[in-house]
2 protein chains.
Amino acid sequence: MKEGTFELPGNCRLTSDYDVLQWDVREGCEVRQILDRIADKWSLLVIALLDKRTMRFAELLRSIKGVSKRMLTTTLRQLERDGIVERTVYPTVPPKVEYNLTPLGNSLHETVKALVIWTEANQVKIAEARDRYETRQSEGL
Amino acid sequence: MKEGTFELPGNCRLTSDYDVLQWDVREGCEVRQILDRIADKWSLLVIALLDKRTMRFAELLRSIKGVSKRMLTTTLRQLERDGIVERTVYPTVPPKVEYNLTPLGNSLHETVKALVIWTEANQVKIAEARDRYETRQSEGL
DNA sequence: CAGTATCCCTTTAGATACTG
DNA sequence: CAGTATCTAAAGGGATACTG
């Protein structure tokens, strides 16, 4: 294996050496999957809402403007599968299903919050960088 | 505006109140865009590589197994636009183009690293949650 | 070397209708 | 209420060929 080349190992667990990041952010890896979960269209919104309190399906559906039943279901199932969200079914008629964050979910929310705060702190720099980029483009250079 | 409902404001700058997160993670917003950048297929790999040293286009292309010219170019342009990566062209024949992280890019990498480390620390819990989920599924419950 | 342009296949996700 | 099933439009991304 060439030095510095990304290969595709079957096992992509992270080790304690951060530098291994470069081998482990690809498809199918833990980091990749968590990142995909965090960055997808609705997950973060769901996590942010559930961080405050337990909510029911229809309540989430109403709270997150623009989400469809299908996507909310998909999002919640993925979060449940990863142990971020807990799903509680009350076998009543009509059915009642509650969602809440697990301790793991709360912990993830804390970490993600740091990234959101970074973005908040740097949004002006990013906006300025974009302006400079656009200016350079329109100057044809 | 109903309590707890996500609306779609034209201006989606973040304020210093973190709770505003819930209003500001949607399409077109700063957080959304940075998150998309971080979670996309190649960006993080590029950032991780450039955090170590300046690299040329072909060098990145060889280092990131599976990336195409088209996607590497797209990824680098987006990172450049956001002020994460700096692109330096040497007008020689043949051309030489170098890429390196900006201070903003280094700072982003530090923050993302925290998330990667969280994933690393919790990957066993996530894997266990998945096993439990699969087990429950196959038990038909 | 460092791209751009084009084609095309795959995945994603919205809309709609149906169900226990 | 809390979903599932199906269809389809749009986006993502790989392969290939071409260019300054």
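Each chain gets a letter, A, B and so on, in the order its sequence line appears, and its residues count up from 1. All of these numbers come straight from a predicted model, not from anything done at the bench. In what follows, every heavy atom counts, from backbone to side chain, and hydrogens, waters and symmetry copies are set aside.
With rounding to the nearest 0.5 angstrom, the OG1 atom of B:T111 is 7.5 Å from the CG atom of A:N122.
Summarising the geometry, the separation between CD on A:E98 and P on D:dC1 is reported as 14 Å, rounded to the nearest angstrom. One interatomic measurement links the two molecules: CG of A:L61 to C1' of D:dA2, which rounds to 10 Å at whole-angstrom precision. The distance between atom CE of A:M55 and atom C1' of D:dA2, rounded to the nearest whole Å, is 15 Å. Here the P atom of nucleotide D:dG3 and the CG atom of A:L76 are 8 Å apart, to the nearest Å. Between B:L72 atom CG and C:dA2 atom P there is a gap of 10 Å when expressed in whole angstrom units.
The side chain of A:R56 contributes no N or O atom lying less than 4.0 Å from OP1 or OP2 of D:dG3. Checking the phosphate oxygens (OP1, OP2) of C:dG3, a side-chain nitrogen or oxygen of B:Y99 falls inside 4.0 Å.
Applying the salt bridge (Lys or Arg N to Asp or Glu O under 4.0 Å) test to residues at least two apart or on different chains, the pairs with a partner in residues 90-105 of chain A are A:K96-A:E98.
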Base-contact (B) and sugar-phosphate-only (S) positions in nucleotides 4-20 of chain C, heavy-atom cut-off under 4.0 Å, - elsewhere: B-B------BBB----B
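Residues satisfying the side-chain contact (heavy atoms from CB on, under 4.5 Å) criterion with A:R37, sequence neighbours excluded, are A:S43, A:Q78, A:L79, A:D82. Here B:E128 pairs with nothing under the side chain to side chain donor-acceptor pair (under 3.5 Å) rule; sequence neighbours left out. With sequence neighbours left out, the side-chain contact (heavy atoms from CB on, under 4.5 Å) criterion links B:V93 to no other residue.
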Candidate pair A:L76 and A:F57, rule side chain to side chain contact (heavy atoms under 4.5 Å, CB included), full reasoning: CA-CA 9 Å; A:L76 287 167; A:F57 185 84; 3.8 Å; yes
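A stem is defined here as three or more consecutive Watson-Crick or G-U pairs, each with both distances under 3.5 Å; for DNA chain D these stems are C:1-20 with D:1-20.
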